[in-house]
Amino acid sequence: MTETIHPNPAEDSVGYDPTAIERKWQERWETRGTNHTDLAAGVRPFYALMMFPYPSAEGLHVGNLFAFTGNDIYGRFQRLQGHTVFEPLGYDAFGIHSENFALKVGTHPADLIPRNIDNFRRQLKRAGLMIDWRHELSTTDPDYYKWTQWLFLQLYKRGLAYKKGAAVNWCPNDKTVLANEQVIAGECERCGAKVEQRFLEQWFFRITDYAGRLLDNLDSLDWSDSTKQAQRNWIGRSDGAELSFRVQDLEELTGTATIASGESGEYTAEPIDVRVFTTRPDTIFGATYLVLAPEHPLVGALTTDEQRGAVLAYQQRAAKQDLVSRKVSKEKTGVFTGTFAVNPATQSPIPVWIADYVLMEYGTGAIMAVPGHDERDFEFAKVFDLPIARVVAPGGATVPHGPMDAAYTESENVHLVNSGEFTGLSVAEAKKAIVVWLALNGHAKAVVNYRLHDWCISRQRYWGPPIPIIYCDHCGTVPVPEQDLPVELPYVEDFKPDDSGVSPLARVESWYRVACPTCGGQARRETDVSDTFLDSAWYFLRYPSTGFSDTPFDETITKKWLPVNSYIGGNEHAVLHLLYSRFTTMVLHDAGLIDFEEPFTKFRAHGMIIREGAKMSKSRGNVVNPDEYIERWGADTFRTYLMFLGPYEEGGDFRDQSIAGVRRFLDRLWYSVVGATTDGAPDAGVIRKLHQTIKKVSSDLPVLSYNTAVAAMMEYMNTVRRGERMAHRAEVEPLVQLVAVFAPHLAEELWERLGHVESVFDAGWPVFDASLAAEEMQTIAVQVGGKTRGTVQVPTGAGQEAALEAAMADPSISKFVVATPKKVVFVPGRLLNLVI
RNA sequence: GCCGGGAUGGCGAAACGGGUAGACGCGAGGGACUUAAAAUCCCUUUCCCGCAAGGGAGUCCGGGUUCGAGUCCCGGUCCUGGCACCA
């Protein structure tokens, strides 16, 4: 921190001393239980949830506090409106992030995490949040992850958890699985070794079964639009069709022997159908070749003997590449299988290729290539000199034939050409008509595809909840019986991932060797742990029920407190965390365990804070450490400043110099209240401003417009103190209540000094009185020909006549009225426009 | 490439469903108090011309709609977040 800033003025005892006040009230809240929520008896329950933090070793980030403070203000406001508010907090402490850090510093995560959590708790308590600490939780606590494992079993029971082989990124040097983010340009981010693909058996959740519901429900959720849009894009609904292309001995068709033979080389008499997915069935007359993903199961059967060598080589090369660079590299590569298929629309033979630009995970893993109207297919056709046909042209154009120099992808105001009986139709018409036509021969059906994939929850790591599955030689896959939960994560000294491709737990024989729960025979535990996102996909259900050890969430309490009324968090979780939570909730709903299917009634994403115009980062060394600022300025000033520096949902620029302004405001508030008089009556003009301020703040808080709420209070403070006047108690007492949501300690102290015994947070919200807020006179802007020429004062509610008269009476305005106005526009209370 | 968000004084930012652009705060300049400094308080502060009165210009750029556009429409530039060979 720089040393040029406002020093602490509060050395003398009558001044505002945040350090003393904040300590006093934090203690008192604790002893009085001010922030304890009576979950059973509380009326008008309001669940104000914030995304729980990952307790990093660096301590609380200012971004965390920005998020939490915004939620805290919202929660405190609801409380002052008469709700029983529940504001819990916990720690998302499992995961690769903690594990990697632990590896780096050479400390066991089980030792490291509790220390980090202690530090976080200490920091959070200083920030003056209205948290009910009795409901704190950590995902690493066996009492918590017992139920995470239980959740897995519920999905397993419902057939929503299954195991399959899937590709992962593998670093041959570090001997570990890497997340996609850890692969930089095909290399391991830590050691730089070339990353490979490995196939591992992993557990998946069938979230794709819920794709339609996850998408459709979005319409009825009160969430930030940007978040909903991100989810829509992620789910990625595509309406299209599945078409089939027949592959057979084409001797009869072409006279050329292009015999498809099986893997063992035998003659394949049976015709094979290759199914493709397309969103543009209208372009089928332009499909000049097919492409399968290299891993497509039909590739072996479709490859001719002459091409087999090349195909196998290509498949091997594709398998070697890491997952990231395979998708990123744009140069088209591929190999001809030697086989032809029949285009069902044109009846022409078209070649079948394999190429890695077709992904096995999406659609059917095969496409019909329409190079005339798809950029990727066009590029591929150019590289391998495949035919390009035009079947779509701009509206009104006559059949333009001949070579194309780019794919023509326009689909509005265009029509089909070279498409038999469909020529002339619009794209939309042709899509329907062609699917209907091809469906007659079983060549097509309308299909909806989602780009959402099933959720892979296996992690070949140590720091997570073990997946509660046991493999028995006799009984096969056996879920751990619920009464045997939790499957505790053993304390393993050497938790480093190794060459085996499985979790470090696979080295702990004493742990993984168990008796089969069904037959009692020799069996072995699943040694992978589950994804951190599973921990956080249900934590909001646990908070109200942390006191229950026999159930993950108590039925009565859950009914009363969920779904969450308000959820605030960062948009970096717009997709994964929020989507997984929604999915989990839907599954529990379908299992009859809860009576709602959407967990968060309202969600708002907060913005990001930057520092002096630049992104905060450790390497830049410009990270704000909340401790230092709270020490210097007080938590109340820090909180209020965070909320003042920009619009909450957009974030803002943290500038050290600007904090002083907020502190000055709180200083002025302090002196005004402490020195307030009760003599005589309050000033009517000030009271008018007070009620205007109550109205403004009351309407700003529910929409998270915290920066303007603070500005309004500052403005009011200026009105109260104008010309060094002394405040009257009635002018400032309600202001203490307003400011309480931002500066809770200061407000409590002033409230007490005003003679109140109860907490300001049990005192309710000031009542807005419209009659006291009303102005007698209004300022009307006067324009002549749309140009503002001055203002006039008229009595409130005055009509056009009065305004016009006042305007003409002012020579500095009337001099512009050089002719009789053609038209007069009057907006009551705002403006008069004389059109000459 | 696709989908979001954005561009307003020296700076962070305000501006209800078009209706006085710049609230509030920072910084800067001037003044009061003080032996002095800090703190505090008061005044000024979008830019240009002008001693002033006053006038002109102005919300990224170019058009448009309107009595009136930061706000609505069309076209573009730049910044920023996310997704990305998804057929």
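The sequence lines fix the lettering, A, B, ..., with proteins before strands; numbering per chain opens at 1.
- Rounded to a whole angstrom, the distance from the C1' atom of B:A39 to that of B:C33 is 11 Å.
- Within the nucleic acid shown, A:N449 has no heavy atom closer than 4.0 Å to any nucleic acid atom.
- Comparing B:A38 with B:U44, their P atoms sit 22 Å apart, to the nearest whole Å.
- Rounded to an integer number of Å, the gap from CZ of A:R668 to P of B:C24 is 11 Å.
- For the P atom pair drawn from B:C26 and B:C41, the interatomic distance equals 10 Å after rounding to whole Å.
- Distance noted for atom P between B:G50 and B:C67: 38 Å (whole Å).
- Heavy atoms of A:T779 sit under 4.0 angstrom from at least one base atom.
- At the heavy-atom level, A:K815 lies under 4.0 Å from the strands shown only through sugar-phosphate atoms.
- Distance A:L738 CG to B:C24 C1': 16 Å, rounded to the nearest Å.
- If you take OH of A:Y648 and P of B:A14, they are 15 Å apart, rounded to a whole angstrom.
- B:C61 and B:U77: their P atoms are spaced 15 Å apart (whole Å).
- When heavy atoms are screened at a 4.0 angstrom cut-off, A:R237 is found touching no nucleic acid atom at all.
- A donor-acceptor contact closer than 3.5 angstrom is absent between the side chains of A:D239 and A:T279.
- A:F644 comes within contact range of at least one nucleobase, with a heavy-atom separation under 4.0 Å.
- Counting non-hydrogen atoms under 4.0 angstrom, A:K615 reaches the backbone sugars and phosphates but no base.
- The gap from the P atom of B:G17 to that of B:G6 amounts to 14 Å, rounded to the nearest Å.
- When side chains are defined from C-beta on, A:K615 counts as touching A:M608, because their heavy atoms get closer than 4.5 Å.
- Remark: A:K823, A:V825, A:V827, A:R830, A:L831, A:N833 in residues 822-833 of chain A come within less than 4.0 Å of RNA chain B through at least one heavy atom.
- The nucleotide B:G1 finds its pairing partner in B:C83, both defining distances of the Watson-Crick or G-U wobble pair being shorter than 3.5 Å.
- Proximity of the aromatic rings of A:F204 and A:W455 is defined here by a centroid distance below 6.0 angstrom, and this criterion is not met.
- The aromatic ring centroids of A:F245 and A:Y289 lie 6.0 Å or more from each other.
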Expected list for residues 694-704 of chain A: side-chain donor-acceptor pairs under 3.5 angstrom, two or more places apart:
| unit_1 | atom_1 | unit_2 | atom_2 | d |
| --- | --- | --- | --- | --- |
| A:K696 | NZ | A:D700 | OD1 | 3.4 |
| A:K696 | NZ | A:D700 | OD2 | 3.3 |
| A:S698 | OG | A:I694 | O | 2.6 |
| A:S698 | OG | A:W765 | NE1 | 2.8 |
| A:S699 | OG | A:K695 | O | 3.1 |
| A:S699 | OG | A:K696 | O | 3.1 |
| A:D700 | OD2 | A:T708 | OG1 | 2.8 |
| A:D700 | OD2 | A:A709 | N | 3.3 |

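- B:C72 and B:G64 make up a base pair, with Watson-Crick or G-U wobble contacts both under 3.5 Å.
- Out of B:A23, B:G27, B:G4, the shortest distance to the side chain of A:E715 is found at B:A23.
- Just one residue in the list A:Y648, A:Y641, A:F66, A:F644 forms a ring-ring contact (aromatic ring centres under 6.0 Å, His included) with A:Y706, and that residue is A:Y648.
- Residue contacts shown for A:Q783 include a base, since a base heavy atom lies under 4.0 Å away.
- Residue A:E361 contributes atom CD, which lies 13 Å from atom P of B:A87 at whole-angstrom precision.
- Note on A:R725: nothing from the nucleic acid sits closer than 4.0 angstrom, heavy atoms only.
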**Q.** Test ring pair (Phe, Tyr, Trp, His ring centres under 6.0 Å) applied to A:Y629 and A:F654, step by step
**A.** CA-CA 12 Å; A:Y629 285 81; A:F654 188 103; 5.3 Å; yes
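- Looking at heavy-atom distances under 4.0 Å, A:F380 makes no contact with the nucleic acid at all.
- With a 3.5 Å ceiling on both atom-pair distances, the Watson-Crick or G-U wobble partner of B:G27 is B:U45.
- Residue contacts shown for A:N707 are limited to sugar-phosphate atoms, with no base heavy atom under 4.0 Å away.
- Rounded to a whole Å, the CG atom of A:D700 is 17 Å from the P atom of B:A13.
- Atom-to-atom, CG of A:L645 to P of B:C26 comes out at 14 Å; the value is rounded to the nearest Å.
- In this structure, the CZ atom of A:R663 is 22 Å from the P atom of B:C24, given to the nearest Å.
- Comparing B:G9 with B:C60, their C1' atoms are spaced 15 Å from each other, to the whole Å.
- Across all strands shown, B:C78 pairs with B:G6; the Watson-Crick or G-U wobble distances both stay below 3.5 Å.
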Q) Could you walk me through whether A:E715 and A:T693 pass the side-chain hydrogen bond (donor to acceptor under 3.5 Å, both in side chains) check? A) CA-CA 9 Å; A:E715 208 178 325; A:T693 305; over 6 Å; no
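- In this entry the distance linking CH2 of A:W633 with P of B:C26 reads 11 Å, nearest Å.
- In this structure, A:T708 reaches the sugar-phosphate backbone alone: every heavy-atom distance under 4.0 Å involves primed, P, OP1 or OP2 atoms, never a base.
- Rounding to the nearest 0.5 Å gives a distance of 12.0 Å between CD of A:Q315 and CG of A:D356.
- In this structure B:U34 sits in no base pair that meets the Watson-Crick or G-U test at under 3.5 Å.
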